[in-house]
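Quick notes on the structure that follows.
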Amino acid sequence: SPVKKPISTSVYFPPALSGRRKNQSKFSVGFTLIEIVVSIAILILIASAASVSFSNSRAIRELTTASQNVLSILRTAQSKTLAGEEASQWGVHIEQTQVILFRGATYAGSNFTEIYPLPSTIEIANISLLGSGSDVIFKRIEGTTDETGTFELRVKSDTEKVYAISIDISGIVLQTMLGSAKLAKE
């Protein structure tokens with residue numbers, strides 16, 4: 001009959017480890033609670049800084065996109081007027097949360113409109129057009145306008161981030177950066 005060997009219940013440690021284990025105190029193994037708390041605090045600080053930076057860059061990106069869209073709508077109205085599309089004048093009605101492309105000599109009497117809402121984080125403010133109105137209407141044949149002036153697109157949560165849009169008498173529409181929006185370009 002085969003010989004059965006006794007089962008050993010002891011655990012073997014190599015000589016290099018067994019010497020260390022015997023001499024280590026119970027507090028020197030692993031991380032201390034203070035080390036873990038400090039590490040977590042550093043990770044939280046890094047994550048919050050990254051979050052602020054991300055939301056700031058997102059706001060600037062939305063502001064830039066919205067201002068480019070508004071410029072495009074103004075230029076579309078001028079182009080449609082110059083092209084004599086629908087044998088009519090075209091204009092843009094400006095509101096705090098949207099711009100509206102319309103056909104006709106006035107927004108109120110227009111039978112055609114296209115609404116372009118702004119992102120929820122962006123608003124139009126400080127509308128200062130000649131005649132104290134909020135409509136820019138381009139003249140047929142010439143493409144000029146009598147509603148010259150400026151208005152601003154800005155981030156609602158940080159009104160220092162601003163793009164100004166200017167309209168001159170010849171119908172030229174320009175965009176200028178104001179406030180901390182310049183930081184995004186640098």
Interatomic spacing from [atom1] in [X] to [atom2] in [Y] - rounded to 0.5 Å:
| X | Y | atom1 | atom2 | answer |
| --- | --- | --- | --- | --- |
| Leu101 | His93 | CG | NE2 | 12.5 Å |
| Thr64 | Leu153 | OG1 | CG | 10.0 Å |
| Lys139 | Thr144 | NZ | OG1 | 4.5 Å |
| Ser170 | Glu142 | OG | CD | 11.0 Å |
| Ile172 | Ser166 | CD1 | OG | 11.5 Å |
| Leu74 | Thr145 | CG | OG1 | 9.5 Å |

Do [X] and [Y] belong together in a cluster built from hydrophobic side chains that touch within less than 4.5 Å?
| X | Y | value |
| --- | --- | --- |
| Leu63 | Ile165 | yes |
| Tyr107 | Ile127 | no |
| Phe102 | Leu71 | no |

Counting distance only, does the side-chain N/O of [X] pair as donor-acceptor with the main-chain N or O of [Y] below 3.5 Å?
| X | Y | result |
| --- | --- | --- |
| Arg103 | Asn111 | no |
| Ser110 | Thr113 | no |
| Ser72 | Gln68 | no |
| Asp135 | Ile137 | no |
| Thr65 | Glu62 | no |

What is the minimum heavy-atom distance between [X] and [Y], and which atoms define it?
| X | Y | answer |
| --- | --- | --- |
| Gln96 | Leu118 | O-CD1, 3.7 Å |
| Gly104 | Ser88 | N-OG, 3.4 Å |
| Arg140 | Ala87 | NH1-O, 3.5 Å |
| Leu129 | Ile167 | CD2-CD1, 4.1 Å |

Crowded around [X] [atom1]? As in, over 12 foreign heavy atoms under 6.0 Å?
| X | atom1 | result |
| --- | --- | --- |
| Ile169 | CD1 | no |
| Leu45 | CG | yes |
| Ile34 | CD1 | no |

Could you tell me whether the side chain of [Y] reaches within less than 4.5 Å of the side chain of [X], counting heavy atoms only?
| X | Y | result |
| --- | --- | --- |
| Arg61 | Ser57 | yes |
| Ile60 | Lys161 | yes |
| Val136 | Ile94 | yes |
| Ser134 | Glu95 | no |
| Val155 | Ile122 | yes |
| Ile124 | Val99 | yes |

For Phe138, all residues meeting ring-ring contact (aromatic ring centres under 6.0 Å, His included), sequence neighbours excluded
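With neighbours one apart ignored, the set is empty.
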With sequence neighbours left out, write down each residue that passes ring-ring contact (aromatic ring centres under 6.0 Å, His included) with Phe112, or none if nothing qualifies.
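Trp90.
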Without hydrogens or angle criteria, can the side chains of Thr176 and Tyr163 be said to hold a donor-acceptor pair below 3.5 Å?
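There is no such pair (donor and acceptor under 3.5 Å, judged by atom type) between the side chains of Thr176 and Tyr163.
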Any donor-acceptor N or O pair under 3.5 Å, side chains Thr81, Gln89:
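The answer is no; no qualifying pair exists.
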Option among Ile73, Ile100, Asn69 that satisfies the side chain to side chain contact (heavy atoms under 4.5 Å, CB included) test with Tyr116
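Exactly one option meets the side chain to side chain contact (heavy atoms under 4.5 Å, CB included) with Tyr116, and it is Ile73.
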Test of understanding: with salt bridge (charged side-chain N to carboxylate O under 4.0 Å, His left out), list the residues that count as partners of Lys156, not counting sequence neighbours.
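Lys156 satisfies salt bridge (charged side-chain N to carboxylate O under 4.0 Å, His left out) with no residue once adjacent residues are dropped.
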